[in-house]
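Notes for the one structure printed next.
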Amino acid sequence: MPELPEVELARQVLAGALDREIRDVDDHDDWVCRPHAPGDIAGALTGGRLTGAHRRGKTLWCETENRDGRAGPQLGLHLGMAGQLRFGGKSGPPGRARERDEKPEWFRFGITFADGERLQLFDTRRLSRVRLDPDLDALGPDAGEISRRDFAERVGRGRAPLKARLLDQSVVAGIGNLLADETLWQAALGPARPVNELSGDDLAHLHKALRKALRAAIRHGGVHTGEIIGHRRAGDHCPRCGAEMTHGTVGGRSTWWCPKEQS
């Protein structure tokens, strides 16, 4: 599933589509656009404009304006496992090879603007989601914006394994499986360590590692570019100390870590 860095890159693509008159909306896919019926989203957006592109964690949404200039509904977008936004020759998340024979049904949602440009949601797996006025209340603060103090208070609460706590979107929004492994390796903290055993210094160091991992992933094109990601496989070794990587399950998720440094 795209993680925060990929979704931020998609938000940047979405920002290029702002402030253009909407001529037509293709909302035919009643699974991706549920609970809306075909035509519902089109009726709400046609003639208006997208006026702001926002992200919290892995969730994207646009502010909209009606044809009469009044504020319209928010347009929520979730990329699911393999969704990709395309606009003006740019795509997000980037770095994916396009299918040689793209099927028309893989374009799940689209907006055509009066200037002829098109914003399209491409998804081979049909796991993305488009809806009006998405509910964001269940999401915690964005992982790229949360302060060190709030991060320590939210992540250090309870007795859950550290990785499971990081993956809880109600605690901090945007951290997925790969980003969690990268961040924990950067911070040299064990994924199964109970959070109530972490010191204030541990949590401050973890917050710093998360910010570093996010900035690098956004700069280089996605979380797959992380320093440890290419070493998450049997027989590979920690690039810092040379210890053979260890694999296990933490919080129900496949996890890789350095047994020497991440005790």
Side-chain angles (χ1 to χ4, degrees), residues 1-11 55-60 78-84 92-96 123-125 127-129 138-146 151 154-155 158 160-195 198 203 205-240 244-259 261-262:
M1 176 181 293
E3 301 190 28
L4 188 156
E6 286 81 5
V7 178
E8 171 57 23
L9 292 167
R11 188 202 65 78
R55 179 193 53 73
R56 187 190 300 176
K58 306 174 188 180
T59 297
L60 288 166
H78 199 288
L79 300 178
M81 293 291 290
Q84 184 184 76
R96 296 183 183 180
D123 183 2
T124 59
R125 301 184 64 180
L127 297 175
S128 52
R129 188 83 184 271
L139 295 176
D142 185 82
E145 299 178 1
I146 190 171
F151 180 84
R154 298 178 74 88
V155 173
L162 178 53
K163 181 173 180 179
R165 193 72 172 159
L166 291 177
L167 293 176
D168 187 338
Q169 301 302 298
S170 69
V171 175
V172 180
I175 304 175
N177 200 43
L178 296 184
L179 181 58
D181 280 1
E182 174 71 17
T183 299
L184 290 169
W185 179 79
Q186 292 282 359
L189 291 171
R193 188 171 175 182
V195 294
L198 298 175
L203 289 163
H205 187 50
L206 183 63
H207 179 261
K208 183 177 180 180
L210 174 61
R211 298 296 294 271
K212 176 184 176 182
L214 283 172
R215 287 194 297 268
I218 292 170
R219 184 168 62 251
H220 295 135
V223 72
H224 65 283
T225 63
E227 293 183 53
I228 199 61
I229 303 306
H231 302 278
R232 296 170 74 258
R233 55 192 179 194
D236 214 325
H237 298 80
C238 172
R240 279 195 303 243
E244 185 170 342
M245 296 292 290
T246 296
H247 178 256
T249 300
V250 179
R253 303 297 298 275
S254 176
T255 302
W256 291 88
W257 69 94
C258 171
E261 297 187 349
Q262 294 177 261

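As the structure is a prediction and not an experimental result, all values here were calculated from the model.
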With sequence neighbours left out, what residues match [X] under side chain to side chain contact (heavy atoms under 4.5 Å, CB included)?
X: Q262; result: L184, W185, P191, W257, C258
X: D142; result: L4, R55, R56, E145
X: A188; result: R240
X: H220; result: A216, T225

Restricting to non-hydrogen atoms, name the atom on [X] and the atom on [Y] that form the minimum distance, rounded to 0.1 Å.
X: P161; Y: V250; answer: CB-CG1, 3.9 Å
X: G251; Y: A164; answer: CA-CB, 4.0 Å
X: E6; Y: P2; answer: CB-CB, 3.9 Å
X: F151; Y: V172; answer: CD1-CG2, 4.3 Å

Next item on the list: Using the side chain to side chain contact (heavy atoms under 4.5 Å, CB included) rule, take L162 and V155 through it: C-alpha gap first, then chi angles, then the decisive distance, then the call.
Entry: CA-CA 8 Å; L162 178 53; V155 173; 4.0 Å; yes
Using 0.5 Å steps for rounding, measure from the [atom1] atom of [X] to the [atom2] atom of [Y].
X: D123; Y: Q84; atom1: CG; atom2: CD; result: 9.5 Å
X: E3; Y: L79; atom1: CD; atom2: CG; result: 12.5 Å
X: L210; Y: L166; atom1: CG; atom2: CG; result: 7.5 Å

Next item on the list: Just jot down the side chain to side chain donor-acceptor pair (under 3.5 Å) partners of T183, sequence neighbours excluded, or say none.
Entry: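 Not a single residue meets the side chain to side chain donor-acceptor pair (under 3.5 Å) criterion with T183.
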Next item on the list: Output all residues satisfying side chain to side chain donor-acceptor pair (under 3.5 Å) with H231, sequence neighbours left out; order by chain, then residue number.
Entry: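 Applying side chain to side chain donor-acceptor pair (under 3.5 Å) to H231 gives D236.
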Checklist line | Listed once per pair and sorted, the salt bridge (charged side-chain N to carboxylate O under 4.0 Å, His left out) pairs that draw on residues 184-193, sequence neighbours left out | finding: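 Passing the test, one end in residues 184-193: R193-D202.
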Next item on the list: Can you run down the salt bridge (charged side-chain N to carboxylate O under 4.0 Å, His left out) pairs that involve residues 207-225, sequence neighbours left out, and say none if there aren't any?
Entry: none
Note to self: Would the distance check show the side chain of H205 and the main-chain N or O of L189 forming a donor-acceptor pair, the cut-off being under 3.5 Å?
What the structure shows: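 Between the backbone of L189 and the side chain of H205 there is no qualifying donor-acceptor contact (under 3.5 Å).
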Next item on the list: Indicate yes or no for a side-chain donor-acceptor contact from T59 to the backbone of G57 under 3.5 Å, with no hydrogens or angles considered.
Entry: no
Item checked: With sequence neighbours excluded, residues passing salt bridge (charged side-chain N to carboxylate O under 4.0 Å, His left out) with R11 ->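 Result, salt bridge (charged side-chain N to carboxylate O under 4.0 Å, His left out) vs R11: E8.
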Taking distance alone, no hydrogens or angles, what donor-acceptor pairs closer than 3.5 Å link side-chain atoms of residues 174-182 to residues at least two apart or in another chain?
{"residue": "N177", "atom": "OD1", "partner": "K163", "partner atom": "NZ", "Å": "2.6"}
{"residue": "N177", "atom": "ND2", "partner": "S254", "partner atom": "O", "Å": "3.0"}
{"residue": "D181", "atom": "OD1", "partner": "K163", "partner atom": "NZ", "Å": "2.8"}
{"residue": "D181", "atom": "OD2", "partner": "R232", "partner atom": "NE", "Å": "2.9"}
{"residue": "D181", "atom": "OD2", "partner": "R232", "partner atom": "NH2", "Å": "3.0"}
{"residue": "D181", "atom": "OD2", "partner": "W256", "partner atom": "N", "Å": "3.2"}
{"residue": "E182", "atom": "OE1", "partner": "E227", "partner atom": "N", "Å": "3.2"}
{"residue": "E182", "atom": "OE1", "partner": "I228", "partner atom": "N", "Å": "2.9"}
{"residue": "E182", "atom": "OE2", "partner": "Q186", "partner atom": "NE2", "Å": "2.8"}
{"residue": "E182", "atom": "OE2", "partner": "E227", "partner atom": "N", "Å": "3.1"}

Next item on the list: Answer yes or no: is there a side-chain heavy-atom contact under 4.5 Å between K58 and H78?
Entry: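 A side-chain contact exists here, since the closest heavy-atom pair is under 4.5 Å.
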